[in-house]
Amino acid sequence: MTEVLGIDHIYLAVRDLEASRRWYDVVMKILGFRSGNFRIGDEPHASYYNRHFGFVLRPARGGTRHDPYAPGLHHFCFRVDSDDDVRAVFQALRETGIAASSPALYPQYAPDYFAVFFDDPDGMRLEVTNYRAERRQRHDHWHDLQEDLAQ
């Protein structure tokens, strides 16, 4: 069986590429991503990447603000190593004027689920969460785990 190693890239269609690029330039720098630009045909794209995956903005072809309950992507979550890293991201967002929820524990998701939430210019919900124990266990002991573990 082939194993997927991770997400290679994700594309978001945005209403105003330049406005979104300015906003994401700030956010993605906070999250340690590098940036670039490229074109596909006549359409400019803004790209962000780290060692693990790419995050690309492309011009939307119509539409309104993002509706997380319409078919499609609900939100996108970035994982950092620790609760302290979540707090550091929150502080950096706050210092740049980007509104985010206060870092908090969300035990309804997992006993050690610690996160912040914020919206991009099109209303796409973004999240930064800690690398919690269950995810570390799954990663580090994958071959020892039974297949029927909860998601």
Side-chain angles (χ1 to χ4, degrees), residues 2-136 138-139 142 150-151:
T2 301
E3 180 180 6
V4 172
L5 300 177
I7 295 171
D8 186 76
H9 62 275
I10 185 167
Y11 270 59
L12 292 184
V14 297
R15 292 181 299 168
D16 182 335
L17 182 62
E18 290 309 312
S20 290
R21 181 193 322 256
R22 287 188 300 274
W23 190 88
Y24 274 97
D25 280 352
V26 172
V27 170
M28 299 307 262
K29 185 174 183 179
I30 290 169
L31 296 175
F33 282 71
R34 296 178 183 175
S35 64
N37 300 292
F38 63 93
R39 300 182 80 77
I40 295 179
D42 293 332
E43 293 183 322
H45 290 60
S47 65
Y48 303 92
Y49 55 94
N50 66 12
R51 294 183 302 159
H52 305 286
F53 72 97
F55 193 94
V56 180
L57 306 178
R58 59 154 294 122
R61 295 181 181 159
T64 59
R65 283 185 58 82
H66 179 73
D67 177 356
Y69 294 99
L73 183 66
H74 181 271
H75 73 280
F76 191 86
C77 182
F78 297 93
R79 182 191 314 156
V80 295
D81 190 55
S82 69
D83 294 5
D84 286 341
D85 291 329
V86 172
R87 288 183 192 94
V89 168
F90 169 76
Q91 187 61 38
L93 291 171
R94 174 190 265 178
E95 289 170 3
T96 62
I98 294 174
S101 66
S102 295
L105 188 63
Y106 292 88
Q108 66 270 36
Y109 303 143
D112 59 343
Y113 199 108
F114 194 75
V116 298
F117 299 89
F118 52 105
D119 293 342
D120 83 356
D122 287 314
M124 171 59 69
R125 173 60 51 107
L126 300 172
E127 175 184 358
V128 176
T129 190
N130 60 328
Y131 194 9
R132 59 195 181 276
E134 181 274 331
R135 294 287 197 258
R136 287 180 193 271
R138 183 187 301 171
H139 177 271
W142 177 253
Q151 300 297 320

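Between the side chain of N50 and the main chain of G32, no donor-acceptor pair closer than 3.5 Å is present. At least one donor-acceptor pair closer than 3.5 Å links the side chain of T129 to the backbone N or O of F114. Of the possible polar contacts, none joining the R34 side chain to the K29 backbone as a donor-acceptor pair under 3.5 Å is found. Under the 3.5 Å distance criterion, the side-chain polar atoms of D112 are left unmatched by any main-chain donor or acceptor of R132. Panel note: side chain D25, backbone M28; no donor-acceptor pair is recorded below 3.5 Å.
Contact check on R79 versus D85 returns no salt bridge, with no Lys/Arg side-chain nitrogen under 4.0 Å from an Asp/Glu carboxylate oxygen. Salt bridge annotation for R125-D119: present, with a cationic side-chain nitrogen under 4.0 angstrom from a carboxylate oxygen.
In L73, the CG atom is crowded: over 12 heavy atoms of neighbouring residues, nucleotides or ligands sit closer than 6.0 Å. In the displayed structure, R136 atom CZ is contacted under 6.0 Å by more than 12 heavy atoms of other residues, nucleotides or ligands. Counting heavy atoms of neighbouring residues, nucleotides and ligands inside a 6.0 Å radius, atom CZ of R39 exceeds 12 of them.
In this structure, the side chains of V116 and S101 come closer than 4.5 Å at one or more pairs of heavy atoms. At least one side-chain heavy atom of V128 sits less than 4.5 Å from a side-chain heavy atom of F118. Proximity of D122 to W23: side-chain heavy atoms (C-beta onward) are nowhere separated by under 4.5 Å. Contact annotation: the side chain of L17 approaches that of P44 to within less than 4.5 Å [non-hydrogen atoms, C-beta and beyond].
Ring pair H9/F55: centre-to-centre distance not below 6.0 Å.
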